[in-house]
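Take a look at the structure set out below.
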2 protein chains.
Amino acid sequence: MEPSHTTMTDPADETGPPAFDHPCPIRDVLDRIGDQWSLLILGALAPRTLRFNELSRAIGDISRQMLSRTLKRLEADGFVQRTLYPEVPPRVEYTLTALGHSFLVPMQQLVYWADAHHEDICRSRRAARALDAGDH
Amino acid sequence: MEPSHTTMTDPADETGPPAFDHPCPIRDVLDRIGDQWSLLILGALAPRTLRFNELSRAIGDISRQMLSRTLKRLEADGFVQRTLYPEVPPRVEYTLTALGHSFLVPMQQLVYWADAHHEDICRSRRAARALDAGDH
DNA sequence: CAGAATCCTTGAAGATACTG
DNA sequence: CAGTATCTTCAAGGATTCTG
């Protein structure tokens with residue numbers, strides 16, 4: 001856990017207005033992937049470019065509202081590129097940027113870990129619940 | 001994104017929502033690390049065992065409330081072990097389990113990525129804000 | 001088709017105070 | 001020392017409606 005936390009108090013980068021860019025890199029990334037939808041969207045876009053409604057169907061239970069919002073953030077952060085084709089009816093395509101793809105590399109490792117250890121976690125939870133139920 | 005996500009768009013898996021243990025391993029893990037404190041706690045415990053108040057001081061701006069809650073969840077999920085020494089005054093030590101340590105391995109990769117690309121993200125954000133300010 | 005605008009609910013987190 | 005108990009706030013996310 002070294003790199004991110006030791007640098008977060010770096011007093012030398014006072015180049016701009018504070019209070020809106022996050023001081024801690026990993027926090028920034030976690031805020032992005034911590035939400036309900038970002039990772040699902042990135043995963044859906046990983047193999048191929050998709051249009052708005054294709055993305056909506058691919059994910060299934062996401063509201064248009066949240067899909068729109070989340071895509072905007074991902075676009076603003078440079079993970080996703082949005083391309084509007086000025087036709088009628090309008091067509092908009094979303095595709096991963098190089099940054100977006102590169103992000104999925106370490107993320108994939110985490111997915112592997114999660115798959116490998118999910119059972120351990122569930123077992124631990126059941127044990128905890130059993131204890132909790134027994135002692136009150 | 002193979003193992004976890006390709007299966008969740010599968011239209012054929014309507015076997016009924018079990019509704020108690022999370023169906024998606026990665027979601028489970030993300031829920032844990034997505035919150036404000038879990039990762040900070042794991043990071044603090046990585047190099048050494050700590051007592052409750054040591055942990056509190058190590059993290060700094062966490063309330064006792066949240067420290068207690070988060071530790072309980074981490075303990076229930078098997079990331080952290082809690083040991084109570086029945087002395088007066090009481091002493092409680094928290095330490096990472098093998099599962100907790102193994103989790104930090106892929107997590108570390110994500111931290112590296114975040115450090116390496118934080119500037120890209122910030123730059124992208126600034127550009128997005130500039131565009132946004134210009135077009136309305 | 002691809003969103004934006006609006007309103008509302010809920011859970012996460014903070015503040016504060018108390019306890020074995 | 002190591003917590004728990006309440007109360008409150010706040011923002012993420014959902015539902016619904018409207019539009020170029």
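Residue numbers start from 1 in every chain, and the chains themselves are labelled A, B, ... in the order their sequence lines are given, proteins ahead of strands. All values derive from a computational prediction rather than experimental measurement.
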Whole angstrom value for the distance that separates [atom2] of [N] from [atom1] of [X]:
X       : N      : atom1 : atom2 : answer
B:Gln65 : C:dT19 : CD    : P     : 16 Å
A:Ile59 : D:dG13 : CD1   : C1'   : 14 Å
A:Ile62 : C:dA2  : CD1   : P     : 14 Å
A:Leu50 : C:dG3  : CG    : P     : 13 Å
B:Ile41 : D:dA2  : CD1   : P     : 14 Å
B:Leu71 : D:dA2  : CG    : C1'   : 11 Å
A:Glu87 : D:dG20 : CD    : C1'   : 15 Å
B:Phe52 : D:dG3  : CZ    : C1'   : 6 Å

Nucleotide nearest [X] when distance is taken to its side chain, options [options]:
X       : options               : result
B:Val92 : D:dG20, D:dA2, D:dG14 : D:dA2
A:Arg64 : D:dG13, C:dG3, D:dG3  : C:dG3
A:Met66 : D:dG14, D:dT4, D:dG20 : D:dG14
A:Asn53 : D:dA2, C:dC1, D:dG3   : C:dC1
B:Pro89 : C:dA4, D:dG13, D:dC1  : D:dC1
A:Asp35 : C:dC1, D:dC1, D:dG13  : D:dG13

Can a side chain N or O of [X] be found less than 4.0 Å away from OP1 or OP2 on [N]?
X       : N     : value
B:Ser56 : D:dA2 : no
A:Lys72 : C:dA4 : yes
A:Arg82 : C:dA2 : no

Legend entry - DNA chain D: 5'-proximal contact among A:Asp61 and A:Pro90 (nearest heavy atom):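 Between the two, 5'-proximity favours A:Asp61.
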Inset, instruction - For the pair A:Thr70 (side chain) and A:Leu67 (backbone), establish whether a donor and an acceptor sit closer than 3.5 Å, ignoring hydrogens and angles. - result: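 Between the backbone of A:Leu67 and the side chain of A:Thr70 there is no qualifying donor-acceptor contact (under 3.5 Å).
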Legend entry - Donor-acceptor pair, side chain of B:Thr97 and main chain of B:Gly78, under 3.5 angstrom: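 Indeed, once roles are kept as given, a pair shorter than 3.5 Å links the two residues.
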Legend entry - Modelled atom types, side-chain donor and acceptor of B:Ser38 and B:Asp35, under 3.5 Å: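 Indeed, the side chains of B:Ser38 and B:Asp35 share at least one donor-acceptor pair under 3.5 Å.
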Legend entry - A:Arg73/A:Asp31 under salt bridge (charged side-chain N to carboxylate O under 4.0 Å, His left out): CA gap, chis, key distance, verdict: CA-CA 11 Å; A:Arg73 287 196 318 198; A:Asp31 285 349; over 6 Å; no
Inset, instruction - State plainly whether the residues B:Arg126 and B:Glu119 are in salt-bridge range, i.e. N to O under 4.0 Å. - result: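 Yes, B:Arg126 and B:Glu119 are salt-bridged.
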Inset, instruction - Identify, between A:Arg69 and B:Ser63, the residue whose nearest nucleotide on DNA chain C lies closer to the 5' end. - result: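 Mapping each residue to its closest nucleotide by heavy atoms, the 5'-most match is A:Arg69.
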Inset, instruction - Would you classify A:Tyr94 as touching base, sugar-phosphate or nothing, given that sugar-phosphate means primed atoms plus P, OP1 and OP2, and contacts are heavy atoms under 4.0 Å? - result: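 Result for A:Tyr94 = sugar-phosphate.
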